[in-house]
Amino acid sequence: MKWTNTVVPTLRDNPQEAEIPSHQLMLRAGLLRKLAGGLYTFMPLGFKALRKVEQIVREEMDAAGALEVLMPALQPKEIWEQSGRYEKMSKAMYSVIDRQGREMELGPTHEEVITDLVSREISSYKQMPVTFYQIQTKFRDEIRPRFGLMRAKEFIMKDAYSFDASWDEADSSYQKMYDAYIRIFERCGLVVKPVEADAGDMGGNWSHEFMVLADSGEDGIVECSACSYAANSERATFKYVEAKQYDDAEKNLEEVHTPAAKTIKEVAEFLKCEERRLIKTLIYTADDKPVAVLLPGDREINETKLGHLLDANEFKLADDASVETVTGAAVGFAGPIGLDVPIYADVSLKGVAGAYTGANKTDYHYSNVNLERDANVEKYEDLCLATSGDSCPECGAALNECRGIEVGHVFKLGDKYCKSFNAKFLDQNGKEQVITMGCYGIGVTRTLQAIIEQSHDENGIIWPMSVAPYVVDIVVVNPKHEESMTLALQLEKQLEADGIDTIVDDRKDRAGVKFKDADLLGFPIRVVIGQRSLDNGNVELKIRNQEDSKLIEVDKILLKLKEIYRS
RNA sequence: CGGGGUAUAGCGCAGUCUGGUAGCGCGCUUCGUUCGGGACGAAGAGGUCGCAGGUUCGAAUCCUGCUACCCCGACCA
């Protein structure tokens, strides 16, 4: 492809709308243009790279035995009611009303459609295991689209669904997908970390996320410094430090005057004790009913874990007014003692004594709190956010925190969807059973941007060979020089014949402009054809992620390029 | 939805405080000189100053309302 025959609108300055490197680079390199928030057009080179990522995904899914299908993006509302997810998901779905007045949803995901299909088509153990997948545009009415392709309202996803006759077989389908994911991301040139994850609204009881480590990542990850344990912060657990008896457990409760000391820090300073000795009391409203949640004073709440415990459609930290109504005191003096709402406490508080907590009375706290004696705790549950320095639940070594971009997610769903769609089969004994399901997603467009986020320098993108829009960039220093152009076009033809995507920079600009754009676009291999070196029978070869360039004889360059491409 | 910010030419910005009819750099067009790491000169094209009201002889600038975009949180591939 000649540069002058395609459209590569590079920008010299970073657009003000982009914050993170990959988003800035996609815009600057002319790979992407915005239509509106969360909606982007792929420009010719961006689209080429996207297609390559898709193709890698497709090849590995095929190799894993998955069958490619294409499901409708437009889905009747009824199937969402049938799965019981309509209420939870409707906020995130774009709905349209057709001329019959029927409500249709633009698919945010396809568990319902595929399970409906499978319930009709699969009826025997002989038809399983089977895994279907598709690569398709998904629509989600995101609360806040962000960072270009990272969180968009419309994005391309590879979604796969496995169906098995038993849990054991489902495990092996899950493992196959897991392994395929590892290969896919490796082929994309990504360093990816699989982490244990929460299943969220998808349901099921076991899942892994594939994380691209990056400071700009939206997810928190906790990983062990010694063993292989790694988990999304939402799910991460850690070894609890035993609850302490700070003082004689039998001492009587006592009110302590703590004027104007509201925050944990202020109270701890006032009482001259460590923050951990305070019992933090958070008031939440779950489906409009108040509940109290107790944590050690030095800990943060893990709202995902709390959500599982409360099992409510909606819950949030109560506003100041509700807190005051519930506790009868100003915000900052809430405590579990005498509180007439359900009380849940973190497991590490079981058996605590000699602690402090709010007295539900403005400017007062209690001392000598023996939680089990003094408060009516409904349940002790793991509710804390794991953090750096906590002990690994597997091996006890210190945990570290980092951030990641979720590019893939695999779930074991069990019978969640198959049950509601009545997807059953007859086993060897002629007995009817519910099919066991798994689902597996890769954010294809997000993966593309994650590649850039992980592989760039101050001059631009550094594409891995496998997904570069063009592998070789032939820079013709002076396109009016006939010998240079002839050689460039001949080389292009030979490379293309070998399946090596090549672009010839035939613009009339000065060499510096073309070099800058070559770096910005991040083509893995650059060949410079200039009159000067050509007179000595040479062209220049430069690898994007290496410092130096070298001169290669004209008649050896083709072989050399093929060799580099294959390595 | 809550909190913060921004909106002036394709991109990056100044001008707004103190009202007087819009400017800079890059990019774009034409010509000339240049030509291996974002050249130089000359001549051009391009803007309802986000939108709608209001104040004023006069509004990019002051007032009111709205919208879009970006960042922080809940949602997620």
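Just the heavy atoms: all of them, side chains too, but no hydrogens, waters or symmetry mates, feed the values below. Here is how names work: the chains are called A, B, and so on, in the same order as the sequence lines, proteins then strands, and each is numbered from 1.
Between the C1' atom of B:rC11 and the CG atom of A:Leu31 lies a distance of 16 Å, rounded to the nearest Å. Per the geometry, CG belonging to A:Asp505 stands 13 Å off C1' belonging to B:rG37, to the nearest Å. Distance CD1 (A:Ile184) to P (B:rA77): 16 Å, rounded to an integer number of Å. Here B:rC76 presents its C1' atom at 14 Å from CG of A:Asp159, a figure rounded to the nearest Å. The CG-C1' distance, from A:Leu11 to B:rC13, rounds to 14 Å in whole Å. Rounded to whole Å, the distance from CD on A:Glu234 to P on B:rA77 is 10 Å. One atom, CG of A:Leu521, and another, P of B:rG38, lie 18 Å apart when rounded to the nearest Å. In this structure, the CZ atom of A:Arg151 is 8 Å from the C1' atom of B:rA77, given to the nearest Å.
Qualifying salt bridge (charged side-chain N to carboxylate O under 4.0 Å, His left out) partners for A:Glu303, counting only residues two or more places apart in sequence or in other chains: none. The ring pair (Phe, Tyr, Trp, His ring centres under 6.0 Å) check on A:Phe210 picks up A:Tyr178, A:Tyr181, A:Phe185, with sequence neighbours excluded.
Counting heavy atoms from C-beta outward, A:Asp473 and A:Leu521 have side chains that stay 4.5 Å or more apart. Using a 4.5 Å heavy-atom cutoff, the side chains of A:Leu149 and A:Arg446 are not in contact. With a 4.5 Å cut-off on side-chain heavy atoms, A:Ile184 and A:Ile442 count as touching.
Across all strands shown, A:Asn14 has heavy atoms under 4.0 Å from sugar-phosphate atoms exclusively, and none from any base. Residue-level contact check: A:Asp219 touches the bases, meaning some heavy atom is under 4.0 Å from a base atom. Within 4.0 Å of A:Ala152, counting heavy atoms only, lies at least one base atom of the nucleic acid. Within 4.0 Å (heavy atoms only), A:Asn478 reaches no atom of the nucleic acid at all. Within 4.0 Å (heavy atoms only), A:Val407 reaches sugar-phosphate atoms of the nucleic acid but no base atom.
In a base pair of the Watson-Crick type (N1 to N3 plus N6-O4 or O6-N4) or a G-U wobble (N1-O2 and O6-N3), with each distance short of 3.5 Å, B:rG65 is matched with B:rC51. Partner assigned to B:rG58 is none, using Watson-Crick or G-U wobble distances below 3.5 angstrom. With both pairing distances under 3.5 Å, B:rG38 is matched to nothing as a Watson-Crick or G-U wobble pair. For B:rG44, the paired nucleotide is B:rC28, the pair qualifying as Watson-Crick or G-U wobble because both relevant distances are below 3.5 Å. The pairing partner recorded for B:rC1 is B:rG73, the criterion being a Watson-Crick or G-U wobble arrangement whose two distances lie under 3.5 angstrom. When both pairing distances are held under 3.5 Å, B:rC13 makes a Watson-Crick or G-U pair with B:rG23.
For the pair A:Phe155 and B:rA77, the ring geometry qualifies as stacking, because the centroid separation is below 5.5 Å while the planes lie within an angle under 30°.
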Which atoms of nucleotides 69-71 of chain B (N or O only) lie under 3.5 Å from a protein N or O atom, and what are those distances?
residue, atom, partner, partner atom, Å
B:rC69, OP1, A:Gly37, N, 3.0
B:rC69, O3', A:Lys34, NZ, 3.0

When you compare the protein's N or O atoms with those of nucleotides 27-29 of chain B, which come within less than 3.5 Å of each other, and at what distance?
none

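Rounded to whole Å, the separation between the C1' atoms of B:rG10 and B:rC28 comes to 9 Å. For the P atoms, the distance from B:rC17 to B:rU6 is 16 Å, rounded to whole Å. Taking atom P in both B:rU55 and B:rU64, the straight-line distance is 15 Å, to the nearest Å. Comparing the same atom, C1', in B:rA59 and in B:rG15 gives a spacing of 14 Å after rounding to whole Å. For B:rC24 and B:rG47, the P atoms lie 16 Å apart once the distance is rounded to whole Å. As rounded to the nearest Å, B:rC57 and B:rG44 have P atoms that lie 39 Å from one another. Rounded to a whole angstrom, the distance from the P atom of B:rA7 to that of B:rG12 is 12 Å. Taking the C1' atoms as reference points, B:rC69 lies 28 Å from B:rA45, given to the whole Å.
With a 6.0 Å cutoff to the six-membered ring centre and a 45° limit on the axis angle, A:Arg526 counts as a cation-pi contact of A:Phe515.
The residue among A:Leu520 and A:Glu406 whose nearest nucleotide of RNA chain B is located toward the 5' end is A:Leu520. Residue whose closest nucleotide on RNA chain B sits further toward the 5' end, between A:Arg507 and A:Glu218: A:Arg507.
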- request: Report the C-alpha separation of A:Glu54 and A:Arg51 in whole Å, then their side-chain angles, then the decisive distance to 0.1 Å, and conclude whether the salt bridge (charged side-chain N to carboxylate O under 4.0 Å, His left out) test is met.
  value: CA-CA 5 Å; A:Glu54 272 185 24; A:Arg51 281 296 190 222; 2.7 Å; yes
message: Walk me through whether A:Ser83 and A:Glu111 qualify under side chain to side chain donor-acceptor pair (under 3.5 Å).
response: CA-CA 9 Å; A:Ser83 71; A:Glu111 282 77 18; over 6 Å; no
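Across B:rG38, B:rG12, B:rC1, the shortest atom-to-atom separation from the side chain of A:Ile143 is found for B:rC1.
In this structure a side-chain-to-backbone donor-acceptor pair under 3.5 Å is present from A:Ser420 to A:Tyr417. Between the A:Arg151 side chain and the A:Arg144 main chain, no donor and acceptor come within less than 3.5 Å of each other. In this structure a side-chain-to-backbone donor-acceptor pair under 3.5 Å is missing from A:Glu209 to A:Glu406. In this structure, the side chain of A:Asp346 engages the main chain of A:Leu383 through a donor-acceptor pair within 3.5 Å.
Between the side chains of A:Glu234 and A:Asn302, no donor N or O sits under 3.5 Å from an acceptor N or O.
The phosphate of B:rC76 has neither OP1 nor OP2 within less than 4.0 Å of any side-chain N or O from A:Arg140.
Applying the salt bridge (Lys or Arg N to Asp or Glu O under 4.0 Å) rule to pairs touching residues 26-36 of chain A yields A:Glu17-A:Lys34, sequence neighbours excluded.
Look at A:Arg58 and A:Glu68 and you find a salt bridge, because one of the NZ, NE, NH1 or NH2 atoms lies within 4.0 Å of a carboxylate O, short of that distance.
Near RNA chain B, meaning a heavy atom under 4.0 Å away, the residues from residues 524-536 of chain A are A:Arg526, A:Val528, A:Gly530, A:Arg532, A:Ser533.
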